[in-house]
Amino acid sequence: MTALTVVNTLLQGVIIGLYAWSGAVSWTVMASFTALSLASTLCFTTAVALHWNLRFPDGWLLYAQIGINFVIQLTFLAIAPQLATVFLVSLLVTFNFAMLGFTPRQFLYAWLGFGALTALALVLGRPHFADIPATDFNIFVLWLFFFLAVRRFAVIGAQFSHLREQLSEKNRQLTESLERINELATHDDLTGAFNRRQFMQLLSEERDRANRTHQTFSVAIFDLDHFKSVNDRFGHQAGDAVLKEFCELVHDGMRSTDRFARYGGEEFVMLMPATTQADSAGVAVERIRAAAERKDWGHILHGHIVTMSAGVATYRSNESIEELLARADAALYEAKHKGRNRFVVST
């Protein structure tokens, strides 16, 4: 913004110099305006270069630059009112810089101050009002001034466009970050399945729904058989690969309404809404068990087969979540006791 202020000052000094050359104003006015404007701009440029501006609250540089430029423009509006068009339009250019940092209340105060001070400057300069001779040169200078003024508006607009692009990019990054945070908060980082905390929330909501609608649901707890031996024999990296592929297998075989989560270690749990009896839930669990047994694990575990055991429990009216999971867990241990690679339905 300081660089733009330097350019604006130089351009306006050139325009006033051209009018001085044509005799519309004195060279004293041109020299005084240029010297005063460049001196103030040099002060701000030095403050930025030496980081003095960092000692003050955010935004003070903007307010100071706008305020001082307003004073200079209004002073010369009163001194040389025949160039009122030049000074008034330059005030509008300056006012546009306020869009970079003003609040709605500051805009209101600036607008009222702009109106009062320009009125005062015009009244003070009224005795010296005179028309600029409509020579070809003066017409050219007037066109050149407006042409450059529009360019300055365009430069400020380009700054806003750049800020909008930055804002859009930051919003996109923020959206991605929030999605990632939500993913980490609700899903297991390794397998992509729901984590235990999110599953418990889903289970609580399903229990409340079942109590309202009297439509029951079932829960299954899965455990990969002899998974410790997989880690011991093939390494934890292979064990992680098995966990991920097992989750993919389950997601391929479950209904779109089912919810699957990693319960802890090699244990997983699945919520099956609208399962009216344990037998129908057992069909879904058996489909997953059979798929795991048929799957070729050779690309991960050479010569080793991965199987799973499961316990299934169907919700009973007004049963607590802890009681439901305890029944499913007891059924899982019964399946393991009976030889693994099977499921047991809690009765």
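Reckoned from all heavy atoms, side chains included, excluding hydrogens, waters and symmetry mates.
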S.K.: Any chance you could lay out the side chain to side chain contact (heavy atoms under 4.5 Å, CB included) test for Arg207 and Leu203, step after step, and finish with the verdict?
M.R.: CA-CA 6 Å; Arg207 177 182 179 273; Leu203 185 57; 5.8 Å; no
S.K.: Carefully, step by step, assess Thr191 and Asp188 under the rule side chain to side chain donor-acceptor pair (under 3.5 Å).
M.R.: CA-CA 6 Å; Thr191 63; Asp188 176 61; 2.8 Å; yes
S.K.: Check whether any side-chain N or O of Thr34 sits under 3.5 Å from a backbone N or O of Ala31 as a donor-acceptor pair, and report yes or no.
M.R.: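 Side chain of Thr34 to backbone of Ala31, a donor-acceptor pair under 3.5 Å: no, none is there.
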S.K.: Measuring only between side-chain heavy atoms, which start at C-beta, is Arg209 closer than 4.5 Å to Glu206?
M.R.: yes
S.K.: Quick one, Leu224 with Leu243, criterion side chain to side chain contact (heavy atoms under 4.5 Å, CB included). Give me CA distance, side-chain angles, the key distance, then yes/no.
M.R.: CA-CA 9 Å; Leu224 298 184; Leu243 294 176; 3.7 Å; yes
S.K.: Do the non-hydrogen side-chain atoms of Val48 and Phe44 ever get within less than 4.5 Å of each other?
M.R.: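 In short, these two side chains do not touch, never coming nearer than 4.5 Å.
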S.K.: Mind checking whether Ser22 and Val141 have side chains closer than 4.5 Å, heavy atoms only?
M.R.: no
S.K.: I want to check something: taking the side chain as every heavy atom from C-beta on, are Leu144 and Leu148 in contact at a cut-off of under 4.5 Å?
M.R.: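 In short, these two side chains touch, coming nearer than 4.5 Å.
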S.K.: Would you sort out whether Asp189 and Arg180 count as a salt bridge (charged side-chain N to carboxylate O under 4.0 Å, His left out), showing the intermediate values?
M.R.: CA-CA 11 Å; Asp189 193 39; Arg180 178 58 178 160; 3.5 Å; yes
S.K.: Evaluate the criterion salt bridge (charged side-chain N to carboxylate O under 4.0 Å, His left out) for residue pair Lys338 and Glu334; output intermediate values, then yes/no.
M.R.: CA-CA 6 Å; Lys338 289 182 176 181; Glu334 184 178 347; 3.0 Å; yes
S.K.: For Arg340, I'd like to know if atom CZ has over 12 heavy atoms of other residues, nucleotides or ligands within 6.0 Å.
M.R.: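 More than 12 heavy atoms, drawn from other residues, nucleotides or ligands, come within 6.0 Å of this atom.
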S.K.: To the nearest 0.5 Å, how far apart are CD1 in Ile288 and CE in Met254?
M.R.: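 Answer rounded to 0.5 Å: 8.0 Å.
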S.K.: So does Glu176 pair up with Arg172, basic N to acidic O under 4.0 Å?
M.R.: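 Yes, charged N to carboxylate O under 4.0 Å.
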S.K.: Can you tell whether the side chains of Glu319 and Arg327 come within less than 4.0 Å, N to carboxylate O?
M.R.: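 Between Arg327 and Glu319 there is a salt bridge, with a charged N closer than 4.0 Å to a carboxylate O.
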S.K.: Among the clusters formed by ILVMFWY side chains lying less than 4.5 Å apart, do Leu190 and Phe234 turn up in the same one?
M.R.: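 Yes; Phe234 is reachable from Leu190 via cluster members.
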S.K.: So Phe268 and Phe260, would you call those rings parallel, tilted or perpendicular, with 30° and 60° as cut-offs?
M.R.: parallel
S.K.: Could you walk me through whether Leu38 and Leu42 pass the side chain to side chain contact (heavy atoms under 4.5 Å, CB included) test, one step at a time?
M.R.: CA-CA 6 Å; Leu38 286 178; Leu42 179 62; 6.0 Å; no
S.K.: Between Gln106 and Thr103, is there a donor-acceptor pair closer than 3.5 Å when you use the side chain of the first and the backbone of the second?
M.R.: yes
S.K.: If you define the side chain from C-beta out and look only at heavy atoms, does anything of Asn341 sit under 4.5 Å from Met308?
M.R.: no
S.K.: Which atoms form the tightest heavy-atom contact between Val312 and Ala281, and what is the distance?
M.R.: CG1-CB, 3.7 Å
S.K.: For the CE atom of Met270 and the CZ atom of Arg259, what is their distance to the nearest 0.5 Å?
M.R.: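 Rounded to the nearest 0.5 Å, the CE-CZ separation comes out at 11.5 Å.
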S.K.: Could you see if Val25 belongs to whatever hydrophobic cluster contains Trp21? Use Ile, Leu, Val, Met, Phe, Trp, Tyr and a side-chain cutoff under 4.5 Å.
M.R.: yes
S.K.: Before accepting this row, confirm whether a basic side-chain N of the pair Arg316/Glu323 lies closer than 4.0 Å to the acidic partner's carboxylate O.
M.R.: no
S.K.: For Trp27, does the CH2 atom sit with more than 12 other heavy atoms under 6.0 Å from it, leaving out its own atoms?
M.R.: yes
S.K.: Roughly how far, to the nearest 0.5 Å, is the CD1 atom of Ile221 from the CG atom of Leu332?
M.R.: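 Going from CG on Leu332 over to CD1 on Ile221, the span is 6.5 Å.
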S.K.: Working to the nearest 0.5 angstrom, can you tell me the gap between Gln73 CD and Leu83 CG?
M.R.: 11.0 Å
S.K.: May I have the step-by-step check of side chain to side chain donor-acceptor pair (under 3.5 Å) for Arg262 and Asn195, ending in yes or no?
M.R.: CA-CA 5 Å; Arg262 188 178 183 184; Asn195 58 28; over 6 Å; no
S.K.: Any donor and acceptor pair, going by atom type alone, linking the side chain of Thr216 with main-chain N or O of Tyr315 inside 3.5 Å?
M.R.: yes
S.K.: Can you confirm whether Leu92 is buried at CG, in the sense that more than 12 heavy atoms of other residues, nucleotides or ligands lie under 6.0 Å from that atom?
M.R.: yes
S.K.: Looking at Val230, Asn231, Asp232, which one forms a side-chain contact (heavy atoms from CB on, under 4.5 Å) with Lys228?
M.R.: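 Looking at Val230, Asn231, Asp232, the match for Lys228 under the side-chain contact (heavy atoms from CB on, under 4.5 Å) is Asp232.
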S.K.: How long is the gap from CZ on Phe145 to CD on Gln12, to the nearest 0.5 Å?
M.R.: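 Reported value, rounded in 0.5 Å steps: 6.0 Å.
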S.K.: Report whether Val71 and Val86 are members of the same hydrophobic cluster (ILVMFWY, side-chain heavy atoms less than 4.5 Å apart, transitive linking).
M.R.: no
S.K.: Look at the side chain of Asp258 and the backbone N and O of Arg255, then say whether any donor-acceptor pair between them is shorter than 3.5 Å.
M.R.: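 Flag set: sc Asp258 to bb Arg255 pair under 3.5 Å.
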S.K.: Donor-acceptor pair, His251 side chain versus Cys247 backbone, under 3.5 Å?
M.R.: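 Judged by distance alone, yes, a pair lies under 3.5 Å.
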S.K.: Give a yes or no on this: more than 12 heavy atoms of other residues, nucleotides or ligands lie within 6.0 Å of atom NE2 of His299.
M.R.: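 For His299, atom NE2 is crowded (more than 12 foreign heavy atoms under 6.0 Å).
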S.K.: Would you indicate whether Gln173, at its atom CD, is surrounded by more than 12 heavy atoms from other residues, nucleotides or ligands within a distance under 6.0 Å?
M.R.: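 Yes, the 6.0 Å shell around CD holds more than 12 heavy atoms from other groups.
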S.K.: Could Arg196 and Tyr263 be counted as a cation-pi pair, given that NZ or CZ must be under 6.0 Å from the ring centre and within 45° of the axis?
M.R.: yes
S.K.: Output, in order, the C-alpha distance, side-chain angles, deciding distance and verdict of side chain to side chain contact (heavy atoms under 4.5 Å, CB included) for Val306 and Asp225.
M.R.: CA-CA 7 Å; Val306 176; Asp225 297 330; over 6 Å; no
S.K.: Under 3.5 Å, side chain of Ser168 to main-chain N/O of Arg164, donor-acceptor pair present?
M.R.: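 Yes; at least one donor-acceptor contact below 3.5 Å.
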S.K.: Would you say Phe137 and Leu18 make side-chain contact, with heavy atoms under 4.5 Å?
M.R.: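 Result yes, sub-4.5 Å side-chain heavy-atom pair found.
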S.K.: Using modelled atom types and a 3.5 Å cut-off, is there a donor and acceptor pairing between side-chain atoms of His162 and backbone atoms of Ala158?
M.R.: no
S.K.: Within the side chain of Arg294, is there an N or O that forms a donor-acceptor pair under 3.5 Å with the backbone of Arg289?
M.R.: no
S.K.: Do Glu266 and Phe222 have side chains that get closer than 4.5 Å, going by heavy atoms?
M.R.: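 When only atoms from C-beta onward are counted, Phe222 and Glu266 do not touch, as no gap falls below 4.5 Å.
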S.K.: Kindly indicate whether the side chain of Leu249, heavy atoms from C-beta on, has any atom under 4.5 Å from the side chain of Asp252.
M.R.: no
S.K.: Out of curiosity, does Tyr19 fall in the hydrophobic cluster containing Phe147 (side-chain heavy atoms, cut-off under 4.5 Å, transitive links)?
M.R.: yes
S.K.: Do Phe146 and Leu11 belong to the same hydrophobic cluster, where Ile, Leu, Val, Met, Phe, Trp and Tyr are linked whenever their side-chain heavy atoms lie under 4.5 Å apart, directly or via other members?
M.R.: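 Same hydrophobic cluster.
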S.K.: How many angstroms lie between atom CD1 of Ile321 and atom CZ of Phe199, to the nearest 0.5 angstrom?
M.R.: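 Going from CD1 on Ile321 over to CZ on Phe199, the span is 9.0 Å.
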S.K.: Spell out, as yes or no, whether a donor-acceptor pair under 3.5 Å connects the side chain of Thr118 to the backbone of Gly115.
M.R.: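 Yes, because the side chain of Thr118 sits within donor-acceptor range (under 3.5 Å) of the backbone of Gly115.
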